[in-house]
Protein chains: 2
Amino acid sequence: MIKLTAQRQAILDMINASDRHWDADELARSLSDNGQPIGIATVYRGLATLEAAGLIESIQLADKKRYERADKAHHDHMICTVCGDIEEFAHAKIESLQLSVAAEKGFTVTGHQLVMFGLCERCSQGEQK
Amino acid sequence: MIKLTAQRQAILDMINASDRHWDADELARSLSDNGQPIGIATVYRGLATLEAAGLIESIQLADKKRYERADKAHHDHMICTVCGDIEEFAHAKIESLQLSVAAEKGFTVTGHQLVMFGLCERCSQGEQK
DNA sequence: TTCAAAATGATAATCATTATCATTATTGCG
DNA sequence: CGCAATAATGATAATGATTATCATTTTGAA
Ligand SMILES: [Mn+2]
Ligand SMILES: [Mn+2]
Ligand SMILES: [Zn+2]
Ligand SMILES: [Zn+2]
């Protein structure tokens, strides 16, 4: 059975305490700064375990995986390629259209990831001008 | 200026000759089997250069990047988590809804990637008997 | 309390991709 | 055509994220 350890609890608490999308290293550093140093390997394992248990969620970016709270409704992301800001959005119609397209092809969807890249509002302004 | 080399030409030809989504290693091996061995570093650089030139496109998967022909209309993907099959689909409505959602948030979209994971038709069957 | 199963942490190993750098090829020009 | 200068190649080292090892410690059921 899965054991509730202080390390896993610390990781989960840290993630649930904010709306950030954390990568393993940021989490390890932050935990360390909070007087709860946890081995980096344990952080990776803890994140995987917590995600498998449905307690946290993740998005797979080009170079690394980022984790966030799971107590929010499903949503997708827009990532600013200038400042790195990650914005969230939810669109029921897009979700249902995805499923219908899959169904047409006999594809059984178990998960999906939609990410838009571009410039966030702030970065769009400084842009031209 | 960008030079037209035999290596880049070979990479481009190989990609344009099929509908596959190649990773760098598969391409290097295939080129080698075809009597056109190319250093792996050159394959990586060639792929990046060809993509920057708009001659090929790519999708970023969890572990690696895969490249495909660019002479097809824009489309997104459905990936079978059992057999690895990559299917394509295009849906104008989903595309436009994405842009409208971004616009609402003042986000300027420069690119996006939508991937659905699940079971392809063939794998869905063997699934539950 | 007892102990087997599971988790941790330090560290080595993977794997895809990029960086180095000496050598070679391409291309505009005379 | 023949020549640099400029870019590309290729072998290989380096990176960076993530996983594998394995000895040691912790957890939780009985
Ligand atoms: Mn999110
Ligand atoms: Mn495709
Ligand atoms: Zn921004
Ligand atoms: Zn399949």
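No experiment lies behind these values; they were computed from the predicted model shown. Lettering of chains follows the sequences in order, A, B, ..., and the numbering in each one begins at 1.
- The CD1 atom of A:I11 sits 9 Å away from the P atom of C:dG9 (whole-angstrom rounding).
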Q | side-chain contact (heavy atoms from CB on, under 4.5 Å) assessment of B:I15 paired with B:L47 | A | CA-CA 10 Å; B:I15 290 177; B:L47 287 170; 3.7 Å; yes
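- C:dT17 atom P lies 9 Å from atom CG of B:L47, rounded to whole Å.
- Considering only side-chain atoms of A:R45, the nucleotide from C:dG9, D:dT9, C:dT18 that sits closest is C:dG9.
- Note: CD1 (B:I2) to C1' (D:dT9) measures 16 Å, nearest angstrom.
- By the 4.0 Å N-to-carboxylate-O rule, A:E51 lies close enough to A:K65 to be salt-bridged with it.
- Near-neighbour residues of DNA chain C inside residues 13-41 of chain A, defined by a heavy atom below 4.0 Å, number-ordered: A:I38, A:G39, A:A41.
- Side-chain atoms of B:K3 come within donor-acceptor range of the base of D:dT6, with a qualifying N/O pair under 3.5 Å.
- Mapping B:T5 and A:T5 onto DNA chain C by nearest heavy atom places A:T5 closer to the 5' end of the strand.
- Distances shown here put every side-chain N or O of B:Q7 at or beyond 4.0 Å from the OP1 or OP2 atom of C:dA25.
- Identified under the side chain to side chain donor-acceptor pair (under 3.5 Å) test for residues 30-41 of chain B, with sequence neighbours left out: none.
- A salt bridge is absent between A:E57 and A:K72; no separation between the charged side-chain nitrogens and carboxylate oxygens falls under 4.0 Å.
- Rounded to a whole Å, the CG atom of B:L61 is 17 Å from the C1' atom of D:dA17.
- Counting heavy atoms from C-beta outward, B:R69 and B:D19 have side chains that approach closer than 4.5 Å.
- As a whole-Å value, the separation of A:Y44 OH from D:dT21 P is 18 Å.
- A distance-only check finds no donor-acceptor pair linking the side chain of B:K105 to the backbone of A:E121 [under 3.5 Å].
- Remark: C1' of C:dA7 and CG of A:L50 are 13 Å apart, rounded to the nearest angstrom.
- Atoms CD (A:Q9) and C1' (D:dT26) sit 16 Å apart, rounded to a whole Å.
- A distance-only check finds no donor-acceptor pair linking the side chain of B:S58 to the backbone of B:R66 [under 3.5 Å].
- Take the nearest nucleotide of DNA chain C for A:T49 and for B:A6: the residue whose nucleotide is more 5' is A:T49.
- Between the NZ atom of B:K64 and the C1' atom of C:dT18 there is a distance of 17 Å, rounded to whole Å.
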